[in-house]
Amino acid sequence: MKTMINIALPKGRLGEKVYDMFEKAGFECPSIKEVNRNLIFENPELGIRYFWAKPSDVAIYVERGAADIGVAGKDILLEYSPDVYELLDLNVGICRMAVASKKDFRDDTEKTLRVATKFPNIAKDYYTKKCRDIDIIKLNGSIELAPILNLSDVIVDIVESGNTLKANNLEPFETIVGISARLISNKASFKFKTKEIEAIKAGLAALVEVK
Amino acid sequence: MKGLDNMLLNEKVLKQEEKAVFRLRSLYQKYGYSQYKMSKFEEYDLYVRNKDFLVSDSIITFNDTSGKLLALKPDVTLSIIKNSQDSSDSVQRVYYNESVYRISKGSHSFKEIVQAGLECIGCIDTYNMCEVILLAAKSLQAISSEYVLDISHMGFVSGLLDKYDINDEAKALIVNYIGEKNLHDIKTICDSCDLSPALLKDLTVLIQAYGNKDQAIEKLSSIEMTEDMKNALYELDSICKVLDAEGMDDHINIDFSIVNDMNYYNGIVFKGYIEGIPASVLSGGRYDKLMHKMGKDGGAIGFAVYLDSLERLEGSEKKYDVDTVILYDESADPSAMMKAVKMLTDSGTSVMAEKKVPEKIKFRQLLKFNERGFEILENND
């Protein structure tokens, strides 16, 4: 029997882009494009099996071995620090993690800085390095609301074009780290399916270099 | 015959991790290791002084009757070293099978983890290292025939980094990236910190040199080596040769992505994997630096096997709760019933006598007991 490689892809636009890369690299699975309620898509000849997962869950599927490899944003990897190999920067889904606030915001260093974010670990890390006393407010969405309603002084969030911020009169003023999608692998899977995973990595790497 | 029957029966009754405990114990004893039975508690102070050595930094603490602060052991190695005799011309061999208490990453709560392992302490030579690594490989072999032991050398990695002028912060990041096989972020950091292009070249070779020993070592030859690195590589090579001679070459990989804390580990480090278990089940290395930190002169090498992860191993799944369910009614003669049950259990099947078919229990066969004996009602085999 052919070794099956389980691949976790992030649901949504980024995931579709990434699947196209897998397809171009020769790891196609036509059934994935059919409109239905299937969760798992297989191409037995190539020995690959794809499934869509919530982007923030991809790292968990891979870390715990339900998926051998997967694609996750660097933001997720920094936030959860899963114990996985990070094999390749796919150079898609490019954005940055930034600190943003209202345009007229002045950082009053006398006070504890209130930070609203979906990424408490990244925010904590960043300000610990600056020895700044902060109060983290963990939100699950619509982070931009926080400074407008004076829930927080600043937000730490992903900035892609900056348009959402601009529309709400907010402005990014510090970049914490650049983000892009990464190919990750379960450590044990990498030992037992080395050849298969290396082949996928090489196929994708060739596409990344062309860009 | 009776004894053999019992043994076979035990194999069936025992869980994967319990079987592994027995096999490992007999393996370690064969090589002259003696068991070290420990108390569950240790003075908290020991862990505070060596915090970075621990996998997780949260520890369950409590006051004993005299008010002294104690901890439930998060680690066994530190206690063994603390109590080891300092001798420069002999080695002490101990093995253990203990529970440790650590935070589990997912639930952020404490978890009891069963560990077996061994330590070889004192005047360590190449033979001792080979012995410990051989035992590590044999430990994996005792659990499953599909295993991989990855070996690295901290001396080689730290020697490579010492060739270049890198600040501590960047160094810590680079070490972390080596552990992730993450070449693209190493590139980024080399660019942003203006590090030597030669460093990037060396690290690229280092990260890509994994797998079969001979191939890996050949790849490394393009790196310009210092005396320390040469010694490290020689050590790595000679240990792999010994394992090859044992016929384990298919299972042994060189992989520099195993990077344990450089403040404690200084030589060979290794990690073991079993097919079907998503994380490493064995971890160990040479930790002379920890010995020195704790005021001991000798060297030490050892490893631990995480037995609780074996639960997930394939084949450990139970198909049936019980082999046979016997149905009987009030009129059944208890002594005749007992005889019948004994007959079945003696033949090695497990038996559950019930008045009605039990719910939520999976059984191999369902029998009805009557004066004439058994009548088969259902067979699920």
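All heavy atoms count here, side chains included; hydrogens, waters and symmetry mates do not. Throughout, protein chains are lettered first and strands after them, A, B, ... in sequence-line order, and every chain is numbered starting at 1.
Between the side chain of D135(A) and the backbone N or O of R114(A), no donor-acceptor pair lies under 3.5 Å. Looking at T175(A), its side chain never comes within 3.5 Å of a backbone N or O of V177(A) through a donor-acceptor pair.
Of the atoms belonging to D89(A), heavy atoms from both backbone and side chain fall under 4.5 Å from chain B. The contact between K129(A) and chain B is made entirely by side chain atoms (from C-beta outward), counting heavy-atom distances below 4.5 Å. Looking at I277(B), only its backbone comes within 4.5 Å of chain A, counting heavy atoms on both sides. Within the 4.5 angstrom heavy-atom criterion, no atom of S185(A) approaches chain B. For a residue to count as touching a neighbouring chain, one of its non-hydrogen atoms must lie under 4.5 Å from one of that chain's; by this rule V62(A) does not touch chain B.
Between V154(A) and L113(A), the shortest heavy-atom contact is CG2-CD2, 4.0 Å. Smallest separation of non-hydrogen atoms from A146(A) and I155(A): CB-CG2, 4.3 Å. Of all heavy-atom pairs spanning L204(A) and A25(A), the tightest one is N-CB, 4.1 Å. Pairing each heavy atom of K11(A) with each of K54(A), the nearest pair is CE-N, 4.5 Å. In this structure, T109(A) and R132(A) approach most closely via the heavy-atom pair CA-NH2, 3.5 Å.
For S257(B) and Y85(A), the side-chain atoms include at least one donor-acceptor pair closer than 3.5 Å. Side-chain contact check for H184(B) and N182(B): at least one donor-acceptor pair (N or O, by modelled atom type) lies under 3.5 Å.
Checked against Q208(B) for a side chain to side chain contact (heavy atoms under 4.5 Å, CB included), the options L203(B), L183(B), L220(B) give a single hit: L183(B).
One finds the CG atom of D75(B) at 9.0 Å from the CG atom of N50(B) (value rounded to the nearest 0.5 Å).
Contacts with chain B (heavy atom to heavy atom, under 4.5 Å) involve these residues of residues 69-82 of chain A, listed by number: K74(A), Y80(A), S81(A), P82(A). Residues of residues 134-147 of chain B having a heavy atom under 4.5 Å from any heavy atom of chain A, listed by number: E146(B), Y147(B).
Within the cation-pi definition used here (under 6.0 Å to the ring centroid, within 45° of the axis), K124(A) does not qualify as a partner of F119(A).
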